[in-house]
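Both ligands and their constituent atoms are indexed starting at 1 by order of listing. Note that these values count all heavy atoms, side chains included, but never hydrogens, waters or copies made by symmetry.
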Amino acid sequence: MKIARFNGGRIGVVLADGVVDVTAAAGVQPSQWPPVGPVVMIRDFAARRPAMEVQARTGPRIPLSQVHFETPVPWPHKLIAIPVNYEAHAVEMSSPAISRNAGFFMKSSASLTGASDAIVLPDLPGREIHHEAELAVIIGKGGRHIDASQALDHVFGYACLLDMTVRGKQERTIRKSYDTFTPVGPYITTADEVGEPTDLQVTLWVNEQVRQDANTRKMFLSVAQIIEMCSAVTTLEPGDIIATGTSEGVGPVAPGDHVRISISRVGEMVLKVAQGKRGANVAIPHNLAPRTAEALS
Ligand code: MN
């Protein structure tokens, strides 16, 4: 099942000929704040699924042209990310700090956006802002100390994810947490439709030029091993999102670009890149040069 969130917090099942609104069957209230309905739906999915499937078969189709895809899980308990999970990307970043098993870091959940939203670049002249194409794992059944051999039973589904990043020496979290820096979508494809996540092709284009193209079999840590590692430290909850790391080919984006990400059996989305007005701060200043001169004086 392909489950989208759209048009103001509604839940939809995505079919070949459009989207069917299954909000009521999913038990989600679109106007609820905080918007934790999708997390509860994921927790209760086994019980909710039959009614959602009936509605999907019988409900009216909404054409894709009338669907604004929003981020599928807007208020997850955690947004976890794996730093470097493909050898060729470790080589291109050529940092001694990057190891085969560097653990994980956190991004702000407020950086989540959907497939129909723009990536808004902070105004940081001279700083490169890169795309990182990644497979997103959405946790279905939570837990602690999950063994890798059982880990895929804890996966609700998968989605495309972009881990947008300001390059530089500041902490990863601040460089990767700007609003709109974690597009997820266009929907969650449930794990039963994806099968083994060990041979998924993850491809990214900027303005229709291929920049990243790698298979998840090249991951240092598999999805199952990632879940084992994360849950050894922190209790995973339904709806938690894990960005599983990027491959080689990362590079800068600019306002006006179109970024397309496709993952086999999972989905595809295209995002516009726009220029924002602000975003500089004491840690990531607007212009490094005067600040350095000031520090030296
Ligand atoms: Mn990343």
How many angstroms lie between CG in Asn7 and CZ in Phe69, if you round to the nearest 0.5 Å?
-> 9.0 Å
Is the distance between the ring centroids of Phe45 and Phe156 under 6.0 Å?
-> yes
So, Gln212 versus His131: side-chain donor-acceptor pair below 3.5 Å or not?
-> yes
Cluster question for you: counting only ILVMFWY and a side-chain heavy-atom cut-off of under 4.5 Å, with indirect links fine, are Val73 and Val137 together?
-> no
Got a second to check how far Glu196's CD is from Ser222's OG, nearest 0.5 Å?
-> 9.5 Å
Count up the protein N, O or S atoms sitting under 2.8 Å from the Mn ion (ligand 1), would you?
-> 3
Using distance alone, with no hydrogens and no angle criterion, decide if Ser111 and Thr182 have a side-chain donor and acceptor under 3.5 Å apart.
-> yes
